[in-house]
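Below: the structure, in structure tokens.
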Amino acid sequence: MQVPDYKAMVGDASDNVPGVTGIGPKNGHSLLASYGSLDGVYSNLTNVNDVVGDMPALGTQSPCA
């Protein structure tokens with residue numbers, strides 16, 4: 001598992017990383033298993049609902065932009 005990508009999506013209270021609203025450990029793992037990395041998830045945002053169901057909180061902008 002790609003720990004930095006996982007923590008960026010799920011969040012990490014000890015490092016004060018908020019994560020993505022609506023993405024928890026189960027969905028974070030599913031997304032990384034399907035797309036390999038956070039970049040892979042962003043490249044496939046139109047397909048993300050197929051993996052984790054309806055995720056209206058996921059937009060098309062990178063939080064790092």
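Computed from a predicted model, the values in this text were never measured in an experiment. Basis for what follows: all heavy atoms, side chains included, without hydrogens, waters or symmetry-related copies. Counting begins at 1 with the first residue of the sequence.
The side chain to side chain contact (heavy atoms under 4.5 Å, CB included) test applied to S43 returns no partner, not counting sequence neighbours. D15 is linked by a side chain to side chain contact (heavy atoms under 4.5 Å, CB included) to K7, D12, V17, counting only residues two or more places apart in sequence or in another chain.
Rounding to the nearest 0.5 Å gives a distance of 11.0 Å between CG of L31 and OH of Y42. Rounded to the nearest 0.5 angstrom, T46 OG1 and N44 CG are separated by 6.5 Å.
Taking 4.5 Å as the limit, some side-chain heavy atom of M9 sits within range of a side-chain heavy atom of L32.
The heavy-atom pair separating A8 from L38 by the smallest distance is CB-CD2, 3.9 Å.
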